[in-house]
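Note on naming: letters A, B, ... go to the chains in the order of the sequence lines (proteins, then strands), and numbering restarts at 1 for each one. No experiment lies behind these values; they were computed from the predicted model shown. The figures here come from the full heavy-atom set of this structure, side chains too, leaving out hydrogens, waters and symmetry mates.
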There are 2 protein chains.
Amino acid sequence: MSEPATNAEREQAILDAASALITHYGYDKTTVEDIAQQAGVAKGTIYLHFRSKDDLFSALIAREAQRVAERSFALIDADPEGVTVYTIFRYGWQAMQENPLLRAVYVRDRRVLGDYVRRLASLPQFSQMVSLSGEFIQHFQRLGLIRADLDPDALLYVLTSFRYGLLVGDAVVPLSRTSVETVGEVISKLLASGIGPQGDSAKSEEGLRILRDLYAKGLEFMRANGRQASKDSNPGSGTI
Amino acid sequence: MSEPATNAEREQAILDAASALITHYGYDKTTVEDIAQQAGVAKGTIYLHFRSKDDLFSALIAREAQRVAERSFALIDADPEGVTVYTIFRYGWQAMQENPLLRAVYVRDRRVLGDYVRRLASLPQFSQMVSLSGEFIQHFQRLGLIRADLDPDALLYVLTSFRYGLLVGDAVVPLSRTSVETVGEVISKLLASGIGPQGDSAKSEEGLRILRDLYAKGLEFMRANGRQASKDSNPGSGTI
DNA sequence: TTATGACCATTCGGACGATTCTGGTCATCA
DNA sequence: TGATGACCAGAATCGTCCGAATGGTCATAA
């Protein structure tokens with residue numbers, strides 16, 4: 001049982017433990033002691049990596065957000081359609097859907113977040129990060145990747161509500177009656193003909209650039225705002 | 001200040017009072033005494049019309065549901081497009097949106113419903129009533145009023161989630177940045193090209209018939225299930 | 001006959017203190 | 001030098017109590 005765990009590995013282990021416990025028992029019911037035990041370290045060790053319990057949670061959210069973003073990019077790349085408004089939306093939803101913790105954060109699930117919800121002032125920003133901002137829509141309309149006869153503000157409202165509904169959705173109708181893939185297909189088809197683009201557009205390279213841009217901006221904001229301090233600077237993570 | 005209030009008028013006054021107080025203070029915080037006072041009757045009088053506080057609330061919900069349904073039909077009729085999937089959806093949403101109480105019921109707002117949420121077992125049925133059921137979608141697909149290449153179960157999930165999101169929506173993005181009309185237009189346009197119908201279809205008469213059918217069925221269910229008993233049988237309300 | 005409001009049994013909700021638990025620290029140890 | 005876990009102050013929780021308020025009834029009055 002001798003684990004030569006490096007510093008970074010230990011930090012990840014702590015985050016893993018926190019993730020599992022919090023998604024299951026909720027933030028309030030999960031004690032720092034629990035996390036330490038699950039991660040196989042002493043309680044004090046946690047405070048060598050994170051300033052406070054809240055800081056630990058912020059770091060966890062940031063990590064999961066990055067994962068979700070990467071996962072959604074991977075899904076988009078794997079789809080022959082490539083980067084379009086509807087694949088962005090579809091796989092953005094799917095990636096989020098697959099990550100219980102982040103979904104809980106996004107829909108402000110009190111059962112998981114507990115009293116932490118009140119401290120989530122920076123969350124509007126966060127929800128933008130997940131690739132739905134006014135900026136995004138206007139850029140895409142300019143490029144002809146979203147039909148231009150839709151009022152951008154209203155469209156933002158509609159799409160945001162749509163995504164929100166999809167993420168809380170199974171509270172109303174159980175998703176179990178279908179599958180993530182089937183629903184994803186419907187979303188794609190509906191949005192493809194619903195908001196465009198109409199024909200093939202060569203501008204999609206530009207769209208991809210803008211998307212990556214917004215994504216990077218979002219993650220940067222999250223990193224700056226999320227963790228207040230950490231003892232070690234994570235060096236790698238080169239890819240975007 | 002002498003009001004010759006008839007029996008039915010008095011009942012409506014009680015419901016009006018309940019509606020105003022409950023939407024403002026919530027079900028738990030609103031006492032029967034409050035309702036009586038606001039309606040200008042004695043507390044005992046309320047129990048001549050309704051078996052219990054819960055029964056009064058059921059009746060109120062039923063009344064508001066009827067109003068919302070009628071309002072949505074009126075809006076559809078006023079639109080030159082007439083009966084289509086997207087006008088149904090659009091104005092169904094708008095009518096609901098305009099009725100704070102029913103919206104609270106639909107999204108199960110604890111702040112308004114208080115402990116009553118637990119007694120809302122029959123509400124899945126209710127949510128169907130508001131013109132979104134699997135039946136509805138399949139009929140419309142058969143008639144060519146909804147494109148047939150979308151999996152009906154998944155589409156039901158998507159549309160239900162969509163509507164849900166739109167109704168809770170302003171929690172995420174404030175609706176105040178746009179208007180109900182603008183958002184409504186976007187919804188119409190998006191769904192028109194998103195789920196159809198593609199060309200003009202002559203079957204829309206049939207669609208209207210089915211819709212009225214489902215609507216009537218829903219209201220009947222609500223009436224049967226909602227109020228347990230009431231001292232007076234409301235005679236009028238002939239239109240559907 | 002019909003509406004009323006005083007009345008009752010029950011529940012609700014705040015106060016209070018005892019007790020446990022939790023986040024965070026720090027002297028100690030490997 | 002870095003990890004540990006005993007330790008502390010403050011917060012949350014539980015149990016108990018009691019007065020106020022609430023839903024519902026019914027004898028009385030209009």
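- Look at OH on B:Tyr116: it is 14 Å from P on D:dG23, rounded to the nearest Å.
- Of all nucleotides listed (C:dG23, C:dG24, D:dG23), D:dG23 comes nearest to the side chain of B:Thr31.
- Ionic pairing of A:Glu64 and A:Arg67 is present here: one or more N-O contacts between side-chain nitrogen and carboxylate oxygen are shorter than 4.0 angstrom.
- Atom CD1 in B:Ile35 sits about 8 Å away from atom P in D:dG23, given to the nearest Å.
- Sequence order on DNA chain D of the closest nucleotides to B:Val32 and A:Val41 puts A:Val41 first from the 5' end.
- For the pair B:Lys43 and B:Asp115, nearest-nucleotide mapping onto DNA chain C gives the more 5' position to B:Lys43.
- Taking each heavy atom of B:Thr30 and B:Lys53 in turn, the nearest pair found is O-NZ, 2.8 Å.
- Remark: the B:Lys53 side chain and the D:dG24 base include no donor-acceptor N/O pair separated by less than 3.5 Å.
- Relative to the axis of its first five pairs, the axis of the last five pairs of the helix from C:dT1-D:dA30 to C:dA30-D:dT1 sits at 40°, rounded to 10 degrees.
- Using a 4.5 Å heavy-atom threshold, the side chains of A:Val68 and A:Arg71 count as separate.
- Between the CD atom of B:Glu11 and the C1' atom of C:dT2 there is a distance of 15 Å, given to the nearest Å.
- As judged by a 4.0 angstrom heavy-atom cut-off over every strand, B:Thr45 is placed among the base-contacting residues.
- Between B:Asp153 and B:Ile137, every side-chain heavy-atom pair lies at or beyond the 4.5 Å cut-off.
- Ring centers of A:Phe162 and A:Phe89: under 6.0 Å apart, within the cut-off.
- The nearest whole Å value for the distance from the CD atom in A:Gln37 to the P atom in C:dG23 is 13 Å.
- Atom CG of A:Leu48 is separated from atom C1' of C:dT25 by 11 Å (rounded to the nearest Å).
- By the 4.0 Å N-to-carboxylate-O rule, B:Asp28 lies too far from B:Arg110 to be salt-bridged with it.
- When rounded to the nearest whole Å, the span between CD1 of B:Ile46 and P of C:dA3 equals 13 Å.
- The nearest whole Å value for the distance from the OH atom in B:Tyr47 to the P atom in C:dC8 is 18 Å.
- Distance CG (A:Asp54) to P (C:dT22): 16 Å, rounded to an integer number of Å.
- Using a 4.5 Å heavy-atom threshold, the side chains of B:Phe136 and B:Leu211 count as touching.
- The side chain of A:Arg10 contributes an N or O atom lying less than 4.0 Å from OP1 or OP2 of D:dA3.
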